[in-house]
Amino acid sequence: MSDILEGLNEQQKEGVITTEGPVLLLAGAGSGKTRVLTHRVAYLLEQGVAPYHIMAITFTNKAAGEMRERINHMIGFGAESIWVATFHSTCVRILRRYIDRLGYDTNFTIYDSDDQKTLMKDVCKYLEIDTKIHKEKMFLNVISSAKDELISPEEFTNRALGDYNKTRQAQVYREYQARLKANNALDFDDLIRLAVELLKNDPEVLDYYRNRFQYIMVDEYQDTNTAQFELVRLLASGRENLCVVGDDDQSIYKFRGANIYNILNFEHHYPEAKVIKLEQNYRSTQNILNAANEVIANNEGRKKKTLWTANDAGDKIRFEQFESAYEEAQFIASNIRTRVMREGYHYNDCAVLYRTNAQSRMLEEKMVHDNIPYKIVGGVNFYARREVKDILAYLKVVDNEVDDIAVRRIINVPKRGIGAASLNKVTLFAAANEMSFYDALTKAGEIPSLGRAAKKIEPFVQLISDAREHLANGSIAGLFEYIIDVTGYVEDLQLEGTDEAKGRIENIDELRNKIIAFETEHEDATLRSFLEEVSLVADIDSLDENSDYVVLMTLHAAKGLEFPNVYLAGMEDGLFPSFMSITADDSDQEIEEERRLAYVGITRAKEHLTITAAKMRMVRGDMQYSAVSRFVQEIPSELIDGVVYTPKKKFDVGYDAGGYGSSTGYGSSTGYGSSSGYGSSAGYSGSAGSAGLFGSAAYGQGGFSLKGKKTQAQKYQAKNFGTKIEKKGLDYAVGDRVSHVKFGEGEVTAINDGGRDYEVTVDFDRVGVKKMFASFAKLKKC
DNA sequence: GGTTTGAAACTTTTT
DNA sequence: GTTTCAAACC
């Protein structure tokens with residue numbers, strides 16, 4: 001027996017050597033599943049399987065990258081021809097090669113959710129749908145779910161017969177799909193769906209790939225949706241050497257179409273499947289693991305398994321409830337400080353996890369304040385930022401001019417004086433002549449209604465064709481510089497000179513770096529391959545374990561990661577589990593999904609787990625008062641260091657009748673101050689003193705700005721009044737002589753009350769008459 | 001055609 | 001509290 005199996009436990013060994021036939025590897029958190037997968041690959045190679053025939057699919061580029069690295073490390077030569085990729089990039093690679101068989105062009109563009117929204121807006125406008133009643137987002141959700149379930153526009157239409165609303169949705173779906181095709185674009189869901197369609201309908205393609213992928217492994221199988229399952233099923237058909245790895249307790253992407261039954265019913269799909277459970281946890285202390293087990297045990301409908309560990313009991317779980325989110329953040333920051341300063345941990349040993357991205361703001365402020373290096377994962381994707389998308393849109397148009405969304409994005413960025421009226425005329429012309437928007441632009445001179453506006457369009461068309469020429473005899477980086485140069489994009493931002501503009505310039509610089517890095521790493525880099533990579537990256541992919549910073553991210557983003565010190569912030573009912581899940585029609589199911597999320601959070605911790613909650617917190621501008629999360633209460637008190645108040649009543653009474661926090665809600669109706677610790681909002685705000693005081697003291701504008709970010713109030717202040725807001729009386733009057741820093745001395749000829757400020761007219765000796773606002777001019781009486 | 005302003009939506013999670 | 005989008009204004 002080879003040394004490949006050395007150091008593995010019995011179950012892991014079984015997972016490695018059971019190479020033939022379907023295998024379900026139920027891998028609890030921290031049970032070493034990646035280890036099994038990489039050893040399995042090594043084992044396959046040792047058995048004489050060609051690397052070319054092995055495939056491993058993951059969800060994120062980060063996971064794929066890690067697996068690739070570990071495989072390389074273990075195997076070395078030959079490993080590069082093993083197919084390790086995400087679902088989406090796998091499908092892109094298949095489609096780039098064969099999508100022409102489905103009537104698409106192989107140089108298709110990939111639309112992100114932003115592009116989808118823009119496209120949907122156009123569709124709704126065209127179909128005269130009142131988006132006040134039917135939201136674009138709703139249609140996109142409907143379509144996305146349909147695609148996840150492999151329902152084509154035609155089938156959707158058939159199923160909708162007799163139902164007015166559904167028929168309308170079908171109409172939108174058809175139009176949306178038609179436009180995608182006309183733009184030569186695919187959305188994320190199309191990537192999977194069309195790959196499946198191709199494999200289903202084209203025996204030649206199917207044969208090619210299933211012969212190529214003779215041994216298939218799928219990571220995070222609990223997160224696959226119906227389309228992804230179908231893809232895997234097709235590829236594995238025939239040999240059925242399919243090994244899926246997952247943990248039903250960590251299924252947290254139902255909202256994105258993940259079908260938990262893919263894993264729960266795996267044995268049903270493949271009756272001969274071998275099921276192997278990995279239950280030994282190598283990651284966490286006994287106490288942390290026990291807590292996780294106790295919490296998840298409250299879920300029904302799961303594959304029963306109990307994680308155990310040979311690790312020490314470790315510290316108890318620390319729980320702290322604070323008056324406010326402000327104090328909570330303060331505590332977390334100072335606690336991290338202590339860990340680093342006194343206990344020898346590094347910043348990157350610490351992670352703060354929360355339910356919603358909105359919670360990151362307060363935490364970020366405290367990190368800045370305490371000088372703690374940090375990185376926020378999630379929120380706005382780098383490639384979704386306006387300036388980045390603008391530049392990318394130029395690149396996209398150079399690559400695929402049929403992409404109307406990209407063309408429209410940049411046609412008037414920077415301003416070329418081409419307005420909505422002109423664009424409408426071009427659109428009409430394009431529709432009448434059945435050509436793309438861009439083609440219509442190239443024929444602007446032939447559109448009579450345009451008149452003089454045609455002259456404004458010509459330079460744009462010229463720019464694109466010049467840029468294309470530029471690319472032909474240069475690099476992507478060269479093209480990038482060219483575009484920055486001729487559009488004056490960065491120049492304009494420099495002139496703006498605001499902190500915000502500086503931030504945007506930094507992002508553009510960052511984009512430049514990414515392009516250069518891409519070209520350095522890939523010898524055969526093309527514009528298309530760059531754009532493709534860019535459209536398939538997730539924020540989590542940018543996480544670098546070697547950099548010493550604290551990571552702030554959502555619980556969803558944390559899946560698959562581990563840290564010695566984990567902070568679970570905002571553990572409050574209504575926030576986590578979310579208000580939506582508590583009030584949903586299928587609340588039981590939704591709460592179970594939230595509980596799985598809690599389980600994911602707890603099991604990220606290796607050594608220390610700190611759970612925090614706040615009694616009150618600002619949500620959407622107003623105060624919300626919350627009880628400690630039910631999930632915290634599901635942890636046995638002997639595992640906890642800290643006091644968790646238990647409610648007198650069960651939660652299932654609250655939330656519905658008079659709304660959140662009304663006196664009909666949970667807890668005692670006498671409100672805050674009762675020993676239960678649960679207050680109705682009416683009760684709490686009765687003690688207005690503390691809340692009011694706190695509000696002004698803690699949430700004031702603060703003396704620092706966040707990496708160029710400013711609050712709206714600060715921006716307003718900066719823009720209109722410099723540093724002072726109050727309108728002060730003037731110590732000079734008409735006829736007085738005053739002096740100005742730049743213009744020198746002059747005589748005041750008029751003073752007008754302009755509302756918030758005075759408008760002063762001065763006749764300067766050197767430069768003549770100037771009008772200015774008093775608070776800006778800072779005139780001094782001579 | 002461009003800019004400013006106020007109202008309304010948003011916040012559960014995202015490849 | 002912040003962002004987005006349209007109407008009103010320049």
Side-chain angles (χ1 to χ4, degrees), chain A residues 57-64 85-92 110-114 116-117 121 131-132 135-137 140-141 144 147-148 187-192 220 223-225 227-228 251-258 353-362 377-381 383-384 386 412 414-423 452-453 456 535-541 553-559 570 574-584 590 593-594 596-597 600-601 617-624 695 699 701 709-716 719-720:
Chain A
I57 309 187
T58 63
F59 271 87
T60 65
N61 295 299
K62 185 169 188 292
T86 65
F87 269 103
H88 290 87
S89 64
T90 296
C91 290
V92 170
I110 301 164
Y111 275 3
D112 65 15
S113 46
D114 219 48
Q116 286 181 292
K117 213 173 155 196
K121 237 182 225 165
T131 50
K132 288 252 156 56
K135 295 271 156 52
E136 292 100 331
K137 225 174 146 188
L140 285 170
N141 281 334
S144 177
K147 287 180 175 179
D148 284 349
D187 64 20
F188 283 125
D189 303 314
D190 277 343
L191 295 176
I192 315 284
E220 305 282 10
D223 290 330
T224 52
N225 62 33
Q228 286 158 339
S251 164
I252 53 173
Y253 282 111
K254 189 174 139 215
F255 71 93
R256 205 170 65 189
L353 312 181
Y354 38 77
R355 179 69 236 273
T356 67
N357 277 312
Q359 286 165 260
S360 66
R361 182 170 293 268
M362 183 71 68
V377 175
V380 185
N381 186 326
Y383 294 106
R386 190 171 78 197
N412 201 30
K415 302 245 170 352
R416 299 187 173 89
I418 306 166
S422 305
L423 294 184
R452 280 187 302 155
K456 295 176 181 165
S535 51
L536 294 178
V537 298
D539 210 41
I540 189 71
D541 297 334
M553 63 190 151
T554 62
L555 288 150
H556 281 88
K559 194 173 59 131
L575 185 61
F576 187 31
S578 71
F579 182 71
M580 303 263 281
S581 66
I582 295 169
T583 53
E590 304 250 323
E593 173 117 344
E594 298 272 311
R596 289 193 288 272
L597 197 52
V600 168
R617 119 178 13 248
M618 278 288 211
V619 179
R620 279 200 232 152
D622 47 29
M623 251 341 154
Q624 220 179 58
Y699 286 100
Q701 305 206 340
K709 281 182 219 162
K710 284 195 171 165
T711 64
Q712 202 173 26
Q714 282 170 328
K715 276 185 206 162
Y716 182 79
K719 191 170 150 195
N720 293 290

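What's counted below: heavy atoms across the whole structure, side chains too, no hydrogens, waters or symmetry copies. Chain naming here is simple, since letters A, B, ... match the order of the sequence lines and numbering starts at 1 in each. The model shown is predicted, which means the values in this text are computed figures rather than measured ones.
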What's A:F188 touching, base or sugar-phosphate or nothing? Going by heavy atoms closer than 4.0 Å. base
Distance in angstrom units between A:L555 CG and B:dT12 C1', rounded: 11 Å
Value rounded to 0.5 Å, distance of CZ in A:F576 from OG1 in A:T554: 10.5 Å
Quiz question: going by heavy-atom distance under 3.5 Å, is there a donor-acceptor pair between the base of B:dT12 and the side chain of A:R355? yes
Counting only side-chain N and O atoms of A:K415, is one of them less than 4.0 Å from OP1 or OP2 of B:dT3? yes
Below 3.5 Å between N/O atoms, which protein atoms pair up with nucleotides 5-7 of chain C? Just atom names and distances, please.
{"residue": "C:dC5", "atom": "OP1", "partner": "A:K121", "partner atom": "NZ", "Å": "2.9"}

Can you tell me the distance, in whole Å, between the CZ atom of A:R386 and the P atom of C:dT3? 12 Å
Which sits closer to the 5' end of DNA chain B, A:K135 or A:A421, going by the nucleotide each is nearest to? A:A421
By side-chain hydrogen bond (donor to acceptor under 3.5 Å, both in side chains), which residues pair with A:S360, not counting sequence neighbours? none
Centres of the A:H88 and A:F59 rings: under 6.0 Å? no
Quick one: list whatever passes side-chain hydrogen bond (donor to acceptor under 3.5 Å, both in side chains) with A:D112, sequence neighbours left out. A:K389
What is the distance, to the nearest angstrom, from the CZ atom on A:F579 to the P atom on B:dT13? 16 Å
Expressed as a whole number of angstroms, how long is the span from A:H556:NE2 to B:dT12:C1'? 7 Å
State whether the aromatic ring of A:F255 stacks on the base of B:dT13, taking stacking to mean ring centres under 5.5 Å apart and ring planes under 30° to each other. yes
Side chain of A:H88, base of B:dT15: donor and acceptor closer than 3.5 Å? yes
Roughly, in whole Å, what's the span from CG in A:D223 to C1' in B:dT13? 12 Å
Rounded to whole Å, how long is the line connecting atom NZ of A:K147 with atom P of B:dT14? 21 Å
Any residue meeting side-chain hydrogen bond (donor to acceptor under 3.5 Å, both in side chains) with A:D190, in chain and number order, not counting sequence neighbours: A:K147, A:Q177, A:R193
Inter-nucleotide P distance (B:dT13, C:dT4), Å rounded: 15 Å
Between A:R596 (CZ) and B:dT13 (P), how many Å, whole number? 18 Å
Output yes when at least one side-chain N/O atom of A:S422 is less than 4.0 Å from OP1 or OP2 of B:dG1, else no. yes
Listed partners of A:D541 passing side-chain hydrogen bond (donor to acceptor under 3.5 Å, both in side chains), at least two apart: A:N61
With a 4.0 Å cut-off on heavy atoms, is A:K559 in touch with a base, just the backbone sugar-phosphate, or nothing at all? nothing
Using atom CG of A:D114 as one end and atom P of B:dT14 as the other, report the distance to the nearest whole Å. 15 Å
Nearest-nucleotide pick for A:K137, side chain only, options being B:dT13, B:dT11, B:dT15: B:dT11
Applying side chain to side chain contact (heavy atoms under 4.5 Å, CB included) to A:S578 and not counting sequence neighbours gives A:R355, A:M580, A:S581, A:E594
Describe the nucleic acid contact of A:E594 in one word from base, sugar-phosphate, nothing, applying a heavy-atom distance below 4.0 Å. base
Please confirm whether the shortest side-chain N or O distance from A:T554 to OP1 or OP2 of B:dT14 is below 4.0 Å. yes
Are A:N357 and B:dT13 close enough that a side-chain N or O sits under 4.0 Å from OP1 or OP2? yes
Of A:R256 and A:A358, the one whose nearest nucleotide on DNA chain B sits closer to the 5' end is A:A358
Kindly compute the distance separating OH (A:Y253) from CG (A:L597), expressed to the nearest 0.5 Å. 8.5 Å
So, does A:N412 get its side chain near the phosphate of B:dG1, meaning an N or O under 4.0 Å from OP1 or OP2? no
